[in-house]
Amino acid sequence: MFDQKVVDFIIKGDTLKGVITQDGSKIEAAATILATGHSSRDIFYLLHEKNILIEAKPFALGVRAEHPQRLIDTAQYKCDTRGEYLPPASYSLVQQVYNIGVFSFCMCPGGIIAPAATGPNEIVVNGWSPSKRNNPYANSGIVVQVQLADVIKNSKSTDIDSLALLNFQQDVEQKAFESGGGSLKAPAQRMVDFCTNKFSSTLPDCSYLPGINSSDLSMVLPGFIHGALQKAFVEFGKKMKGYYTNEAILVATESRTSSPVRIPRDTATLQHPQIKNLYPCGEGAGYAGGIVSAAMDGERVARSIYQIIATN
Ligand SMILES: Cc1cc2nc3c(=O)[nH]c(=O)nc-3n(C[C@H](O)[C@H](O)[C@H](O)COP(=O)(O)OP(=O)(O)OC[C@H]3O[C@@H](n4cnc5c(N)ncnc54)[C@H](O)[C@@H]3O)c2cc1C
């Protein structure tokens with residue numbers, strides 16, 4: 001029963017009575033915790049279709065930058081070779097460009113760039129480090145804040161609603177798919193070439209296993225994101241010697257940093273303001289970012305449900 005996808009809600013009046021799963025089963029419950037993550041687009045579409053209040057939520061989007069780990073070690077430890085007792089170095093960078101924040105996200109020393117799309121015809125990348133952090137590469141998301149106002153300003157469409165940022169995110173992911181060549185290959189460009197608008201005639205080795213395709217990333221990223229990243233990489237090179245280099249590669253697109261949608265909830269009961277017994281929770285609902293905060297939000301919601309049920 002629990003490996004079945006939820007495909008519909010059972011709602012009577014203003015109260016959620018339970019859910020319907022893919023195989024048609026009805027599961028009734030006194031409380032339903034909706035913690036389906038930031039990539040469960042079908043759930044966001046379902047809420048939208050049922051006129052259950054959701055809101056566009058700012059998130060961040062950009063690329064994953066990968067350097068040889070030895071370059072990051074040299075920049076951070078200020079020595080030619082990292083000694084055997086030093087761990088692979090990490091970094092954290094942030095820059096304001098025209099009042100837009102650009103920052104490193106989920107930096108993975110000795111790590112691997114991984115495919116993270118959840119649907120067809122999209123390219124999404126993410127990163128992770130094995131416990132020994134012994135891969136020869138250092139990768140990090142380098143992402144730009146995306147506010148609804150930026151998307152409205154840069155959009156030709158007048159159809160702006162609570163799914164506007166989700167649609168914006170998906171559009172970039174689909175462009176990355178086309179630019180990658182229509183398979184799991186990701187579009188990529190060397191860092192200095194990216195910043196100086198040059199096509200990369202060759203690409204360095206990369207940890208992304210499905211492969212990369214040399215591309216003009218200005219065709220993938222919206223102009224305000226591309227421009228902010230170009231400026232930020234140059235500034236990062238001033239802050240961290242050796243960072244701004246054509247030995248580094250940028251792989252698109254890092255787009256699942258957090259949820260582009262918020263599911264509102266009452267601050268006291270944690271229930272949805274319109275639908276009783278519905279408890280939005282975790283990263284997908286917009287109340288967490290990362291494993292620990294998502295787990296803590298789950299605990300918080302469980303306590304709230306216990307208190308409500310115990311006092312009724
Ligand atoms: C490659 C990678 C590396 C990461 N590394 C880190 C890290 O080092 N540290 C860190 O803090 N975070 C990391 N994260 C992010 C972290 O995984 C998330 O922040 C966290 O898992 C969010 O927890 P959540 O419970 O809100 O959602 P999720 O963990 O996404 O859980 C949502 C669950 O809901 C299920 N679901 C979706 N739709 C439906 C449906 N319709 N019906 C039923 N079930 C559904 C999904 O299958 C999933 O099991 C990483 C993510 C990735 C992809």
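In listed order, ligands and their atoms are each counted from 1. Sequential numbering from 1 along the given sequence is applied to the chain's residues.
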Say whether, by atom type as modelled, one donor and one acceptor occur between the side chain of [X] and the main chain of [Y] under 3.5 angstrom.
X: Tyr287; Y: Ile263; result: yes
X: Ser200; Y: Gln189; result: no
X: Glu254; Y: Gly141; result: no
X: Thr245; Y: Gly242; result: no
X: Ser129; Y: Pro109; result: yes

Classify the angle between the aromatic ring planes of Phe233 and Tyr243 as parallel (below 30°), tilted (30 to 60°) or perpendicular (above 60°).
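Answer is parallel, since the angle falls under 30°.
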For [atom], what is the nearest protein heavy atom, given as residue, atom name and distance?
atom: atom 41 (N) of ligand 1; value: Val6 O, 3.1 Å
atom: atom 3 (C) of ligand 1; value: Gly127 O, 3.5 Å
atom: atom 6 (C) of ligand 1; value: Ile291 CD1, 4.2 Å
atom: atom 30 (O) of ligand 1; value: Gly37 CA, 3.6 Å

Non-hydrogen protein atom less than 4.0 angstrom from [atom]:
atom: atom 48 (C) of ligand 1; answer: no
atom: atom 15 (C) of ligand 1; answer: no
atom: atom 32 (C) of ligand 1; answer: yes
atom: atom 27 (O) of ligand 1; answer: yes
atom: atom 11 (O) of ligand 1; answer: yes
atom: atom 19 (O) of ligand 1; answer: yes
atom: atom 38 (N) of ligand 1; answer: yes

Apply salt bridge (charged side-chain N to carboxylate O under 4.0 Å, His left out) to the pair Glu235 and Lys238, showing each step before the final yes or no.
CA-CA 5 Å; Glu235 294 306 313; Lys238 294 177 191 163; 3.0 Å; yes
Start with the C-alpha distance between Glu299 and Arg303, add both sets of side-chain angles, then the distance that settles salt bridge (charged side-chain N to carboxylate O under 4.0 Å, His left out), and finish with yes or no.
CA-CA 6 Å; Glu299 256 190 285; Arg303 278 180 212 281; 3.2 Å; yes
Partner of Thr253 by side-chain contact (heavy atoms from CB on, under 4.5 Å), out of Leu61, Val143, Val63:
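Passing option: Leu61.
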Numbering the atoms of ligand 1 from 1, which are under 4.0 Å from a heavy atom of [X]?
X: Gly282; result: 26 (O)
X: Ile43; result: 41 (N)
X: Ala294; result: 22 (C), 23 (O), 24 (P), 26 (O)
X: Glu283; result: 18 (C), 19 (O), 20 (C), 22 (C), 26 (O)
X: Ala35; result: 32 (C), 33 (C), 34 (O)
X: Ser40; result: 37 (C), 38 (N)

Do you see a donor-acceptor pair shorter than 3.5 Å between the side chains of Asn197 and Gln230?
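Short answer, yes.
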Considering all heavy atoms, the nearest Glu66-Asp205 contact:
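Scanning both residues, the minimum pair turns out to be OE1-O, 4.2 Å.
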Can Arg70 and Glu247 be said to form a salt bridge (charged side-chain N to carboxylate O under 4.0 Å, His left out), step by step?
CA-CA 11 Å; Arg70 72 177 154 71; Glu247 280 194 69; 2.8 Å; yes
Pairs of nitrogen or oxygen atoms closer than 3.5 Å, one from Val292 and one from ligand 1: do any exist?
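It does not: no N or O of Val292 is found under 3.5 Å from an N or O of ligand 1.
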Heavy-atom nearest option to atom 36 (N) of ligand 1, drawn from Thr36, Thr118, Asn126
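Among Thr36, Thr118, Asn126, the closest heavy atom to atom 36 (N) of ligand 1 belongs to Thr36.
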